[in-house]
Amino acid sequence: MSLLRSLRLYLAAWAGSSPAGPFLLQAPQPWHTFHTGPRLSSSASSKELLMKLRRKTGYSFVNCKKALETCGGDLKQAESWLHKQAQKEGWSRAAKLHGRKTKEGLIGLLQDGNTTVLVEVNCETDFVSRNLKFQQLVQQVALGTLLHCQNLKDQLSTYSKGFLNSSELSELPAGPEREGCLKDQLALAIGKLGENMTLKRAAWVKVPAGFYVGSYVHGAMHSPSLHNLVLGKYGALVICETSERKAGLEDLGRRLGQHVVGMAPLSVGSLDDEPGGEAETKMLSQPYLLDPSITLGQYVQPQGVSVVDFVRFECGEGEEAAEAE
């Protein structure tokens, strides 16, 4: 049975249930130690500084002690020194790991007001994708994409949609509380977790009044530090036009997103199109995932909304084809 068919059966069987999935968070991995230097004073104030730097940065006691010794006990300088050393280590490791396959990873979905973004960040193993440090990287990429989209000065009379490739993503600012670009955060994550990683792609959608973005993430879990960020292996956005805000619109959007994830349409199509079978690629002509006796168009029409566009991300999509070539 194909992976896509298995996914369709799973989605249909669990329709209406919570999309929460069994993700487990792993503890952050220890980082390399630096060379030893002059010994830090053993006074109570020095120990307090060491504990404070450790809590704030997450680096090992050995690294934090070295940073304080190097910076004469200045907490702010020690934090900056730690990040610079970690970045150097990360870029060095990234160069060594470059070219290794990154088929695993996570899709991140983030909504804020009238803006929704979908991002994909890849790593080598599913084990690392479950690590909190990797999930924090996905969060940074989603936030960077959201800020980029919100900074676009456009007057919306209809919806707007855009995509960012790996190079464009890498150059986005890391955010108000982070230095440098997203590629610098990528290098830090590679240095800490020891696997090759890639910022693969991002999509964003902005809508004015009269439009609604339905969303769904398969195998979803919420970020522990950003409540409106959802992580998973598949993600979909469905852009709908509606004359008024209706009750149950969020649930309708989730069901449309489930259909896009499970049936993988290539275009929206029209309500006038003839119904198709499982091989149909026009969304509105496909058998509705949760009730194959009708088409998606027949399900949507009585709801008082019009489906106008969609975005679908599948983690690792295209990697197998590229490897075969």
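Tyr159 places a side-chain heavy atom less than 4.5 Å from the side chain of Asp309. For the pair Thr158/Val308, no side-chain contact is recorded, criterion being any heavy-atom separation below 4.5 Å from C-beta on. A 4.5 Å side-chain heavy-atom check between Gln135 and Met221 finds at least one atom pair inside the cut-off. Leu284 has its side chain within reach of Val268: a pair of non-hydrogen atoms, C-beta onward, lies under 4.5 Å apart. Counting heavy atoms from C-beta on, the side chains of Val119 and Ile107 never come closer than 4.5 Å. The shortest side-chain heavy-atom distance between Leu110 and Asn228 falls under the 4.5 Å cut-off. Using a 4.5 Å cut-off on side-chain heavy atoms (C-beta onward), Leu237 and Phe310 make no contact. Val217 has its side chain out of reach of Ser215: every pair of non-hydrogen atoms, C-beta onward, lies at least 4.5 Å apart.
The structure places CG of Asp273 at 13.0 Å from CE of Met283, a figure rounded to the nearest 0.5 Å. The distance from atom CD of Glu195 to atom CZ of Phe127, rounded to the nearest 0.5 Å, is 9.0 Å. Interatomic distance, Leu49 CG to Lys47 NZ, rounded to the nearest 0.5 Å: 13.0 Å. Note that the CG atom of Leu256 and the CG atom of Leu290 stand 9.5 Å from one another [nearest 0.5 Å]. Within the model, atoms CD of Gln150 and OG1 of Thr115 stand 5.0 Å from one another, a figure rounded to the nearest 0.5 Å. Rounding to the nearest 0.5 Å places CG of Asp291 at 4.5 Å from CD1 of Ile294.
Side-chain N or O atoms of Arg312 include none that pairs as donor or acceptor with a backbone N or O of Ala236 at under 3.5 Å. The backbone N or O of Leu199 sits less than 3.5 Å from a side-chain atom of Ser166, completing a donor-acceptor pair. Under a 3.5 Å cut-off, the side chain of Thr198 and the backbone N or O of Lys200 do not form any donor-acceptor pair. Side-chain N or O atoms of Asn196 include one that pairs as donor or acceptor with a backbone N or O of Arg100 at under 3.5 Å. Put simply, the side chain of Glu280 gets close to the backbone of Lys282: a donor and an acceptor are under 3.5 Å apart. The backbone N or O of Gln298 sits nowhere less than 3.5 Å from a side-chain atom of Gln301 that would complete a donor-acceptor pair. Using a distance-only test at 3.5 Å, with no hydrogens or angles considered, no donor-acceptor pair links the side chain of Asn122 to the main chain of Lys103. In this structure, the side chain of Asn151 does not engage the main chain of His148 through any donor-acceptor pair within 3.5 Å. Between the Asp184 side chain and the Cys181 main chain, a donor and an acceptor come within less than 3.5 Å of each other.
Residues satisfying the ring pair (Phe, Tyr, Trp, His ring centres under 6.0 Å) test with Tyr299, not counting sequence neighbours, are Tyr288. Judged as a ring pair (Phe, Tyr, Trp, His ring centres under 6.0 Å), and not counting sequence neighbours, Tyr212 has no contacts. With sequence neighbours excluded, the residues forming a salt bridge (Lys or Arg N to Asp or Glu O under 4.0 Å) with Glu171 are Lys183, listed by chain and number.
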List the steps and the verdict of side chain to side chain contact (heavy atoms under 4.5 Å, CB included) for Val117 and Asp112.
CA-CA 9 Å; Val117 302; Asp112 182 53; over 6 Å; no
Under the side chain to side chain donor-acceptor pair (under 3.5 Å) rule, what do Glu274 and Ser285 come out as? Steps first, then yes or no, please.
CA-CA 6 Å; Glu274 290 293 323; Ser285 300; over 6 Å; no
For side chain to side chain contact (heavy atoms under 4.5 Å, CB included), just list the numbers for Asp251 and Arg254, CA-CA rounded to whole Å, side-chain angles, deciding distance to a tenth of an Å, and then say yes or no.
CA-CA 5 Å; Asp251 185 60; Arg254 185 173 75 89; 3.9 Å; yes
Using the rule given for side chain to side chain contact (heavy atoms under 4.5 Å, CB included), can you reason through Leu109 versus Leu229, listing the C-alpha separation, both sets of side-chain angles and the distance that settles it, and then say yes or no?
CA-CA 6 Å; Leu109 179 126; Leu229 174 69; 5.8 Å; no
Walk me through it: do Leu193 and Phe134 pass the test side chain to side chain contact (heavy atoms under 4.5 Å, CB included)?
CA-CA 8 Å; Leu193 297 176; Phe134 181 80; 3.9 Å; yes
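Gln111 and Thr116 are linked by a side-chain donor-acceptor pair at a separation below 3.5 angstrom, with hydrogens and angles left out of the test. Side-chain contact check for Gln286 and Thr295: no donor-acceptor pair (N or O, by modelled atom type) lies under 3.5 Å. Under the 3.5 Å distance criterion, with hydrogens and angles disregarded, a donor-acceptor pair is assigned to the side chains of Asp126 and Ser129.
Cation-pi contact between Arg201 and Phe313: present, with separation from the ring centre below 6.0 Å and deviation from the ring axis of at most 45°.
A pairwise comparison of heavy atoms in Asn165 and Ser167 identifies OD1-N, 3.2 Å as the closest pair. Nearest heavy-atom pair across Ala220 and Val230 is CB-CG1, 3.4 Å. Pairing each heavy atom of Ala202 with each of Leu169, the nearest pair is CB-CD2, 3.9 Å. Nearest heavy atom pair, residue Leu182 against residue Ala174, reads CD2-CA, 4.0 Å. Taking both residues in full, the closest heavy atoms of Pro287 and Gly277 are given as CD-O, 3.4 Å, listed atom of the first, atom of the second, then distance. In plain terms, the two heavy atoms of Val311 and Ala203 that are nearest each other are CG1-CB, 3.9 Å.
Remark: Lys161 NZ is packed, more than 12 non-hydrogen atoms of other residues, nucleotides or ligands lying under 6.0 Å away.
None of Glu317, Glu120, Glu104 except one satisfies the salt bridge (Lys or Arg N to Asp or Glu O under 4.0 Å) rule with Lys233; the exception is Glu104.
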